J.: 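Got a structure here, written out as structure tokens. Questions coming.
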Amino acid sequence: MQIKGVLFDFSGTLFRIEPVRSWLRAVLTGRGITVDESAFERYAGELEAAGALPGGPAPRHVPAALATAWATRDESARAHREAYTALARQVALPDPGLYDALYERHRMPAAWQPYPDTAEVLGALHGSGVRVGVVSNIGWDLRPVFRAHGLDGLVDAYVLSYEHGIQKPDSRIFHIACTSLGVDPTDVVMVGDEREADGGAAALGCDVRFVRHLPVSERPDGLRTLELVPDVP
């Protein structure tokens, strides 16, 4: 296969969201709210169990009343916000303004860190003339994250679920991405961390390769080892 285009998932593939405790502490500090350490640990543990941090651990249980909202959360900005703030509201936090503040925090570039080999691999693809796209199930514009980390110039197209009302694994979103790159799907590799969602690209004939959704410190070369370009050892 001659690779002419590579599509990447965002969260857990190119970037990783900060840990739940860092997320919570940043928001509490920003709002000038002080809680004792036992209360902090309780809030953090309950938020993690609820799955309230987008890109973080999945909910251990989705309440029946939120099942539909959860299943379609990435189809619009409103649905995404409503689903995640509803999950967070299962936790009795000390200030009602925290739920929206937590949601806003996760959209900030400072909350995201690229994997160690992200810049290297994107740069190598760009330098070799391979078209690069980002295909994400998401409810907000992630482009500022790439700009803040100096990576926007290495991406040719962004296809975000909330902008199209289509979620992975629906093959239509991958078709939009391939069309945006001007590359036939059979010449495209889709790289992601979720076998069901990202695996939907295979229906178009894309080659699909997976990385593990690990903390940044535990995955130094997950992208590099996929050998997407010859000059990345």
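The shown structure was predicted, so the numbers you read here are calculated from the model rather than taken from an experiment.
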J.: Determine whether more than 12 heavy atoms belonging to other residues, nucleotides or ligands lie under 6.0 Å from atom CD of E196.
T.: no

J.: Out of W70, Y99, W140, which one pairs with Y84 under the ring pair (Phe, Tyr, Trp, His ring centres under 6.0 Å) rule?
T.: W70

J.: For the backbone of T68 and the side chain of T72, can you confirm whether one donor and one acceptor N or O come within less than 3.5 Å of each other?
T.: yes

J.: Looking only at non-hydrogen atoms, find the nearest pair between S11 and D193 and report the distance.
T.: O-OD1, 3.2 Å

J.: Does Y162 reach the side chain of E75, with side-chain heavy atoms less than 4.5 Å apart?
T.: no

J.: State, yes or no, whether a side-chain contact exists between P94 and V35 at a heavy-atom distance under 4.5 Å.
T.: yes

J.: Strictly distance-based, threshold 3.5 Å: is any side-chain N or O of S76 a donor or acceptor partner for the main-chain N or O of A79?
T.: yes

J.: Could you go through E18 and R105, starting from their C-alpha distance and side-chain angles, then the distance that decides it, and tell me whether this counts as salt bridge (charged side-chain N to carboxylate O under 4.0 Å, His left out)?
T.: CA-CA 10 Å; E18 64 189 336; R105 167 68 188 181; 2.7 Å; yes

J.: Do E194 and D9 make a side-chain contact, defined as non-hydrogen atoms from C-beta onward lying under 4.5 Å apart?
T.: no

J.: Evaluate side chain to side chain contact (heavy atoms under 4.5 Å, CB included) for I33 paired with V27, printing each intermediate quantity in order.
T.: CA-CA 9 Å; I33 297 173; V27 171; over 6 Å; no

J.: Indicate the atoms forming the closest heavy-atom contact of L87 with P63, along with that distance.
T.: CD2-CD, 4.5 Å

J.: For the residue pair V20 and P57, establish whether any side-chain heavy-atom pair is separated by less than 4.5 Å.
T.: yes

J.: Could you go through R143 and D152, starting from their C-alpha distance and side-chain angles, then the distance that decides it, and tell me whether this counts as salt bridge (charged side-chain N to carboxylate O under 4.0 Å, His left out)?
T.: CA-CA 7 Å; R143 294 173 183 86; D152 184 57; over 6 Å; no

J.: Calculate, to the nearest 0.5 Å, the distance between atoms CG and CG belonging to L160 and N137 respectively.
T.: 10.0 Å

J.: Would you find a donor on one side and an acceptor on the other, under 3.5 Å apart, between the side chain of D117 and the backbone of L223?
T.: yes

J.: Fit a plane to each ring of Y158 and F146, take the angle between them on a 0 to 90° scale, and name the class: parallel (under 30°), tilted (30 to 60°) or perpendicular (over 60°).
T.: perpendicular

J.: Residues in side-chain hydrogen bond (donor to acceptor under 3.5 Å, both in side chains) with H80, at least two apart?
T.: Y103

J.: Can you find a pair of side-chain heavy atoms, one from P215 and one from E218, that are under 4.5 Å apart?
T.: yes

J.: Closer than 3.5 angstrom, by distance alone: can the side chain of E82 be matched with the main-chain N or O of A77 as a donor-acceptor pair?
T.: no

J.: Between D74 and K168, is there a salt bridge with N-O shorter than 4.0 Å?
T.: no

J.: Given a cutoff of under 4.5 Å between side-chain heavy atoms of I, L, V, M, F, W and Y, with clusters grown through shared members, what are the other residues clustered with V159?
T.: L7, V135, I166, I173, F174, I176, L181, V183, V188, M190, L204, V208, F210

J.: Could you give the distance from CD (Q113) to OG (S217), rounded to the nearest 0.5 Å?
T.: 8.5 Å

J.: Do any N or O atoms from the side chain of T13 and from the backbone of F10 form a donor-acceptor pair under 3.5 angstrom?
T.: no

J.: Do R21 and F40 meet the cation-pi criteria used here (NZ or CZ under 6.0 Å from the six-membered ring centre, within 45° of the axis)?
T.: no

J.: Inspect the contact between D141 and R107 and indicate whether a charged nitrogen and a carboxylate oxygen are less than 4.0 angstrom apart.
T.: no

J.: Does F15 have its ring centroid less than 6.0 Å away from the ring centroid of Y115?
T.: no

J.: Step by step, would you call H213 with R16 a side chain to side chain contact (heavy atoms under 4.5 Å, CB included)?
T.: CA-CA 8 Å; H213 189 153; R16 172 79 182 224; 2.9 Å; yes

J.: Given D156, which of V132, L125, V130 fulfils the side-chain contact (heavy atoms from CB on, under 4.5 Å) condition?
T.: V132

J.: Taking all non-hydrogen atoms of both residues, which atom of E37 and which atom of R25 are closest, and how far apart?
T.: OE2-NH2, 3.4 Å

J.: Has R31 got more than 12 heavy atoms of other residues, nucleotides or ligands less than 6.0 Å from its CZ?
T.: yes

J.: Check P109 against A148 and note the closest heavy-atom contact, atom names and distance.
T.: CB-CB, 3.5 Å

J.: So does H175 have more than 12 non-hydrogen atoms from other groups sitting under 6.0 Å from NE2?
T.: no

J.: Could you walk me through whether S136 and S161 pass side chain to side chain contact (heavy atoms under 4.5 Å, CB included), step by step?
T.: CA-CA 6 Å; S136 179; S161 61; over 6 Å; no

J.: So which atom in P220 and which in P116 form the shortest heavy-atom distance, rounded to 0.1 Å?
T.: O-CB, 3.6 Å

J.: Run the side-chain donor-acceptor check on residues 43-50: report pairs under 3.5 Å with partners two or more places apart or on a different chain.
T.:
none

J.: What I'd like to find out is whether the side chain of V145 reaches to under 4.5 Å of the side chain of R147, using heavy atoms alone.
T.: no

J.: Side chains of I3 and D187: does their closest heavy-atom pair fall under 4.5 Å?
T.: no

J.: Are the side chain of W23 and the backbone N or O of L102 linked by a donor-acceptor pair below 3.5 Å?
T.: yes

J.: Apply the side-chain contact (heavy atoms from CB on, under 4.5 Å) test between W112 and each candidate in V216, L142, I17; give the one that qualifies.
T.: I17

J.: Taking all non-hydrogen atoms of both residues into account, name the closest pair between A157 and S180 and its distance.
T.: CB-CB, 3.9 Å

J.: Before giving the answer on side chain to side chain contact (heavy atoms under 4.5 Å, CB included), spell out for R81 and D100 the whole-Å C-alpha distance, their side-chain angles and the decisive distance to 0.1 Å.
T.: CA-CA 9 Å; R81 176 183 287 273; D100 284 328; 3.6 Å; yes

J.: Tell me, do V155 and L151 make a side-chain contact under 4.5 Å, heavy atoms counted?
T.: no

J.: Short question: side chain of R131, backbone of V6 - any donor-acceptor pair under 3.5 Å?
T.: no

